[in-house]
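Letters A, B, ... mirror the listed sequences (proteins, then strands); counts begin at 1.
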Amino acid sequence: MANKKPASRPAKKPAATLRRAAAAPRTATVSQFFTSKGGPWGKCFLPRAKGARRFWLVKSEPLEFSWDDLLASPGQTTRWDGVRNHAARNFLRDGMKLGDLVFFYHSDADPSAIVGVCEVAHEAYPDLTAFDPAHDGYDPDSTPATPTWFVVDLRAVEALPRPVTLAMIKRTKALAQMALLRVGRLSVTPVTSAEWKVITALARG
DNA sequence: GCCAACGTTGGC
DNA sequence: GCCAACGTTGGC
């Protein structure tokens with residue numbers, strides 16, 4: 001399976017919270033701050049009401065693994081492996097639950113855009129590629145007994161009627177606080193239900 | 001524990 | 001191709 005690279009572009013002008021986190025760290029990186037329970041997106045780790053659904057966004061470079069590649073996969077499902085960033089891992093491992101909906105974002109693309117919706121078809125389990133010395137994602141610190149890296153299974157739900165480009169997201173005020181824009185280099189980020197509605201409305205044109 | 005060097009993502 | 005802004009590494 002193609003590598004889903006952990007990353008995201010940092011906000012051009014860091015929000016005050018980001019600046020504070022970067023300036024006052026000692027104990028935590030910026031990503032750790034953002035993904036901690038006390039951070040701006042801590043809510044996505046809290047217990048939820050039974051049946052409540054949460055929303056996420058994952059990135060993939062289309063040359064590595066595209067939306068069409070997902071549609072062509074058995075059961076239109078893929079193992080989302082290759083995440084090698086702790087903050088992204090935390091969202092994936094601790095946040096994502098069965099049935100959650102996930103935007104599929106093409107990064108480093110022309111244009112970079114959200115192109116489809118998937119769902120979590122299987123909750124987190126260890127990333128086997130981290131155990132394989134022959135694999136790009138090999139990490140000798142991750143062992144079967146104490147795995148560092150995890151995957152979820154994602155199944156395609158539907159393509160967006162129209163892709164929602166990064167440019168559209170950036171010029172939409174209601175999306176200014178999206179984790180996609182505000183925290184850097186994360187391949188897995190939370191999406192609020194309000195943001196989800198706005199984006200799906202944009203996709204319908 | 002500090003921090004400079006380095007590697008990476010990904011928009012532009 | 002450039003480079004900002006991250007995370008990681010390793011010398012001390």
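Without hydrogens or angle criteria, A/S73 side chain to A/D69 main chain gives a donor-acceptor distance under 3.5 Å.
Rounded to whole Å, the distance from NE2 on A/H106 to P on B/dG11 is 12 Å. The CE atom of A/M168 sits 16 Å away from the P atom of B/dG11 (whole-angstrom rounding). Note: CG (A/D141) to P (C/dG10) measures 11 Å, nearest angstrom. One interatomic measurement links the two molecules: CD of A/E64 to P of B/dT8, which rounds to 13 Å at whole-angstrom precision. Atom CZ in A/R182 sits roughly 18 Å away from atom P in B/dG11 (whole-Å rounding). Rounded to whole Å, the distance from CG on A/D139 to P on B/dT8 is 14 Å. Per the geometry, CD1 belonging to A/I114 stands 12 Å off P belonging to B/dG11, to the nearest Å. Residue A/D136 contributes atom CG, which lies 11 Å from atom P of B/dT8 at whole-angstrom precision.
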Atom pairs under 3.5 Å, N or O on each side, protein against nucleotides 4-7 of chain B: can you list them with distances?
{"unit_1": "B/dG7", "atom_1": "N2", "unit_2": "A/R185", "atom_2": "NH1", "d": "3.1"}

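Taking the six-membered ring where the residue is Trp, the centroids of A/F91 and A/F45 are separated by under 6.0 Å.
Remark: A/T148 pairs with no residue by the side-chain hydrogen bond (donor to acceptor under 3.5 Å, both in side chains) rule, at least two apart or across chains. Residues satisfying the salt bridge (charged side-chain N to carboxylate O under 4.0 Å, His left out) criterion with A/R48, sequence neighbours excluded, are A/D100.
Using a 3.5 Å distance cut-off with no hydrogens or angles, the side chains of A/T129 and A/R84 do pair a donor with an acceptor.
The hydrophobic clustering, which links ILVMFWY residues whose side-chain heavy atoms are closer than 4.5 Å, places A/W196 and A/V157 together.
In this structure, A/K170 reaches the B/dC12 phosphate: one of its side-chain N or O atoms is under 4.0 Å from OP1 or OP2.
Closest-nucleotide positions on DNA chain C for A/D108 and A/H86 were compared, and the one nearer the 5' end corresponds to A/D108.
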